[in-house]
K.L.:
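Below you will find the structure I want to go over with you.
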Amino acid sequence: MKDSWIGLLDCNNFFVSCERLFRPDLVGKPVVVLSGNDGCIVARSQEVKDMGVPMGVPYFQVKDILKKDETTTFSSHFALYRDISRRVFTVMREEVDLVQQYSVDEAFFLCGSTDSGLAEQIKVAVEKRVGIPVSVGIAPSKTLAKYANTHAKQGSGVHFLDMENWSQESKNVPLSRIWGVGGQLEIRYKQHGLVTVADLLRAETSRIQQVFGVHGVRLQQELSGQQALPFTQAREPQKSIMSSRSFGKETTDPAVIQDAAAYHTRHALEDLRSMQSKTSIIRVSVRPSRHGDYLLRGGSKEAVFAAPTDNTIEVLKVVQKLTASLIEPGVPYKKVGVVLSGFTSSETVQQSLFVDEAVLKSDALMPVIDLLNQRLGRDVVTLGSHLKTPQWQSLSELKSPAYTTQWQDLKTVVA
DNA sequence: TCTGGGGTCCTAGGACCC
DNA sequence: TCTGGGGTCCTAGGACCC
């Protein structure tokens with residue numbers, strides 16, 4: 001299809017919009033959503049953006065400014081956002097066939113280069129039926145569609161990139177504004193005299209390949225309107241599961257670190273089993289604070305299982321060893337996490353020739369534990385040694401009620 | 001005092017093999 | 001006594017994204 005352009009639908013200030021859905025009184029007023037630990041700002045309403053509060057800034061640094069302007073603050077509430085996200089894309093799929101979800105609040109779709117009717121139609125449907133404001137950008141490639149979306153957000157909410165003007169406009173667009181160019185790459189491009197999109201488009205591809213590798217060449221193609229990042233409707237299976245969290249307070253105590261590692265292992269394995277998958281690679285990482293003398297003392301290690309497993313007990317043993325070998329005495333750690341990868345479907349897993357009897361028995365235990373936790377609430381039944389009160393956990397003090405996922409938090413509507 | 005969590009992809013460099 | 005080079009796999013880490 002020669003005329004196949006790519007659209008990007010992006011929810012505006014997604015987390016903020018989700019909170020406003022249940023607090024319509026906050027529409028038009030400043031709102032922020034914080035990360036876990038109430039550490040950083042992860043979503044800002046337009047009013048807060050206009051106040052000059054940057055994305056990702058530590059909350060404590062802007063607390064006073066926000067208070068002064070009577071900003072409403074929420075701790076993040078991912079179960080709610082995932083639920084709203086599912087509704088957004090359900091409605092979207094009813095309006096357009098070819099959809100590729102990219103993140104919790106964005107999806108690409110295929111459409112014609114002049115098909116503004118469709119773009120408008122999707123936007124209206126989502127806003128009307130879900131209540132989340134969205135913007136749509138349309139262009140010949142994904143990277144350009146992302147860029148077009150920034151125009152859409154500033155304007156009427158739908159924007160088609162005009163390729164006639166693009167070669168002219170690209171002279172004034174810094175590479176740093178392009179999807180895929182972060183702080184480090186911006187510096188590297190600058191070192192080679194490449195500052196604007198036009199600079200990159202002019203550069204010799206062989207030289208770009210040499211200096212910036214496949215990533216650079218792909219970027220050049222995407223920005224010239226070629227689709228180097230293919231649109232695929234098929235949902236790629238998830239390749240890894242991560243569970244990690246910063247501690248409320250740094251710790252040097254191996255028992256506390258082991259307890260947190262065990263917690264993340266249980267949760268990652270629970271997710272794994274719900275995906276009907278088994279894992280063959282586990283990686284454990286420990287990090288000191290990113291802001292202190294121990295910056296470089298973190299690290300990670302992985303282990304490979306001879307036969308793929310979804311058995312928490314089996315994985316916990318390995319995690320314990322990896323964690324112990326990573327911890328250095330006296331280093332104050334701030335974060336620990338585990339990542340599972342190398343998945344195979346549970347049904348197709350080959351049995352190892354030498355299966356431990358005890359492992360087989362505990363395999364049967366896993367579904368029981370998952371079911372109990374589903375019924376009784378997370379972590380009612382847990383495996384592995386753990387401290388009575390987790391000393392590493394943090395508080396989310398400003399969390400909104402679980403409007404859509406907990407019965408007791410359902411909104412009461414009085415007619 | 002207080003600086004997120006969950007993903008993907010890429011690559012440098014060491015180990016190992018022939 | 002002299003003492004290669006290329007390929008591949010793996011680990012760990014880095015960059016980016018939302």
Side-chain angles (χ1 to χ4, degrees), chain A residues 8 10-16 32-44 54-64 74-79 81-82 85 101-108 142-143 146 149 175-176 178-189 209 211-219 228-229 232 235-250 260 264 267-268 271 280-292 295-296 298-304 322 325-326 334-343 394-397:
Chain A
L8 174 70
D10 192 323
C11 300
N12 302 344
N13 319 322
F14 183 55
F15 297 170
V16 166
V32 294
V33 176
L34 306 179
S35 64
N37 247 352
D38 290 344
C40 303
I41 308 276
V42 293
R44 305 155 295 158
M55 176 70 171
V57 75
Y59 178 47
F60 73 91
Q61 285 180 5
V62 290
K63 213 170 183 172
D64 293 339
F74 293 96
S75 298
S76 51
H77 192 161
F78 289 101
Y81 310 149
R82 266 194 300 271
S85 164
Q101 192 177 336
Y102 171 70
S103 73
V104 70
D105 72 332
E106 288 167 277
F108 294 104
K142 284 183 174 176
T143 305
K146 286 285 278 190
N149 199 281
L175 281 168
S176 57
I178 297 300
W179 186 46
V181 182
Q184 298 307 307
L185 276 174
E186 181 192 3
I187 292 169
R188 283 191 53 213
Y189 278 117
Q209 159 76 52
V211 182
F212 298 98
V214 288
H215 185 272
V217 174
R218 251 189 335 234
L219 190 63
L229 302 170
T232 49
R235 190 96 70 83
E236 298 286 317
Q238 194 175 331
K239 291 178 178 156
S240 65
I241 294 173
M242 173 192 290
S243 178
S244 70
R245 198 146 309 157
S246 295
F247 305 153
K249 199 171 173 305
E250 294 175 345
H264 293 302
H267 284 268
D271 280 0
S280 54
I281 302 168
I282 176 131
R283 175 175 292 275
V284 176
S285 63
V286 296
R287 298 269 162 234
S289 166
R290 287 186 288 152
H291 313 272
L295 180 63
L296 302 173
S300 73
K301 271 190 181 170
E302 77 179 28
V304 178
L322 291 174
S325 75
L326 282 165
K334 178 71 176 165
K335 183 176 182 174
V336 62
V338 305
V339 184
L340 310 176
S341 58
F343 298 156
S394 60
L395 295 169
S396 291
E397 293 170 346

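Here the structure is a predicted model, which is why all the values come from computation and not from measurement. All heavy atoms count here, side chains included; hydrogens, waters and symmetry mates do not.
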K.L.:
Is A:Y59 touching bases, backbone alone, or none of the nucleic acid, heavy atoms closer than 4.0 Å?
P.N.:
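Since no nucleic acid heavy atom lies under 4.0 Å of A:Y59, the category is nothing.
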K.L.:
By nearest nucleotide on DNA chain B, pick out whichever of A:K239 and A:F15 is the more 5' one.
P.N.:
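First, find each residue's nearest nucleotide; the 5'-ward one identifies A:F15.
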K.L.:
Does the separation of the ring centres of A:F15 and A:F74 fall below 6.0 angstrom?
P.N.:
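When the ring centroids of A:F15 and A:F74 are compared, they turn out to be at least 6.0 Å apart.
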K.L.:
With heavy atoms under 4.0 Å as the rule, sort A:L34 into base, sugar-phosphate or nothing.
P.N.:
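Since no nucleic acid heavy atom lies under 4.0 Å of A:L34, the category is nothing.
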K.L.:
What does A:G183 touch in the nucleic acid at a heavy-atom separation under 4.0 angstrom: a base, only the sugar-phosphate, or nothing?
P.N.:
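Sugar-phosphate contact only - A:G183 comes under 4.0 Å of backbone atoms but never of a base.
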K.L.:
For A:V42, answer base if it contacts any base atom (sugar-phosphate contacts may also be present), sugar-phosphate if it contacts only those atoms, and nothing otherwise; contact means non-hydrogen atoms under 4.0 Å.
P.N.:
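The residue A:V42 makes base contact.
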K.L.:
For the CZ atom of A:R82 and the NE2 atom of A:H77, what is their distance to the nearest 0.5 Å?
P.N.:
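Answer for the CZ-NE2 pair, A:R82 versus A:H77, is 9.5 Å.
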K.L.:
Start with the C-alpha distance between A:Q101 and A:S85, add both sets of side-chain angles, then the distance that settles side chain to side chain contact (heavy atoms under 4.5 Å, CB included), and finish with yes or no.
P.N.:
CA-CA 10 Å; A:Q101 192 177 336; A:S85 164; 3.9 Å; yes
K.L.:
With a 4.0 Å cut-off on heavy atoms, is A:V181 in touch with a base, just the backbone sugar-phosphate, or nothing at all?
P.N.:
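The answer is sugar-phosphate, as A:V181 gets under 4.0 Å only of primed atoms, P, OP1 or OP2.
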K.L.:
Can you say whether the rings of A:F14 and A:Y81 are parallel (under 30°), tilted (30 to 60°) or perpendicular (over 60°)?
P.N.:
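Plane angle over 60°, so perpendicular.
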K.L.:
Heavy atoms under 4.0 Å, any strand shown: does A:S289 hit a base, just sugar-phosphate, or nothing?
P.N.:
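Answer is nothing: A:S289 stays at 4.0 Å or more from every strand.
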K.L.:
NA contact type, A:E106, heavy-atom cut-off 4.0 Å: base, sugar-phosphate, or nothing?
P.N.:
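Touches sugar-phosphate only.
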K.L.:
Below 4.0 Å from chain A heavy atoms, what is the first contacting nucleotide of DNA chain C and what is the last?
P.N.:
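Range of nucleotides within reach of chain A: C:dT11 to C:dC18.
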K.L.:
Is there side-chain contact between A:N149 and A:E106, with heavy atoms separated by less than 4.5 Å?
P.N.:
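Sidechains of A:E106 and A:N149: no contact.
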K.L.:
So A:G337, base contact, sugar-phosphate only, or nothing? Heavy-atom distance under 4.0 Å.
P.N.:
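Counting heavy atoms under 4.0 Å across all strands, no contact is made by A:G337.
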K.L.:
Could you let me know what C:dC18 is paired to, Watson-Crick or G-U wobble, both distances under 3.5 Å, or none if it's on its own?
P.N.:
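Here C:dC18 is engaged in a pair, and the nucleotide opposite it is B:dG5.
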K.L.:
Specify the residue among A:F60 and A:H264 whose closest nucleotide of DNA chain B lies further upstream toward the 5′ end.
P.N.:
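Closer to the 5' end of DNA chain B: A:F60.
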K.L.:
Would you say the side-chain atoms of A:S240 pair up with the backbone N or O of A:L340, donor to acceptor, closer than 3.5 Å?
P.N.:
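Such a contact is absent between A:S240 side chain and A:L340 backbone.
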K.L.:
Quick one: label A:R245 by what it contacts on the DNA or RNA (base, sugar-phosphate, nothing), any heavy atom closer than 4.0 Å.
P.N.:
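Contact class for A:R245: sugar-phosphate only.
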K.L.:
Counting the atoms with a prime plus P, OP1 and OP2 as sugar-phosphate, which does A:K249 contact under 4.0 Å by heavy atoms, base, sugar-phosphate, or nothing?
P.N.:
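If one applies the 4.0 Å heavy-atom cut-off, A:K249 turns out to touch nothing in the nucleic acid.
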K.L.:
Mind checking if A:K63 touches a base, just sugar-phosphate, or nothing, with heavy atoms under 4.0 Å?
P.N.:
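If one applies the 4.0 Å heavy-atom cut-off, A:K63 turns out to touch nothing in the nucleic acid.
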K.L.:
Which part of the nucleic acid does A:R218 contact within heavy-atom distance under 4.0 Å: base, sugar-phosphate only, or nothing?
P.N.:
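Result for A:R218 = sugar-phosphate.
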K.L.:
Is A:S35 reaching over with its side chain to a backbone N or O of A:C40, donor-acceptor style, under 3.5 angstrom?
P.N.:
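Yes; at least one donor-acceptor contact below 3.5 Å.
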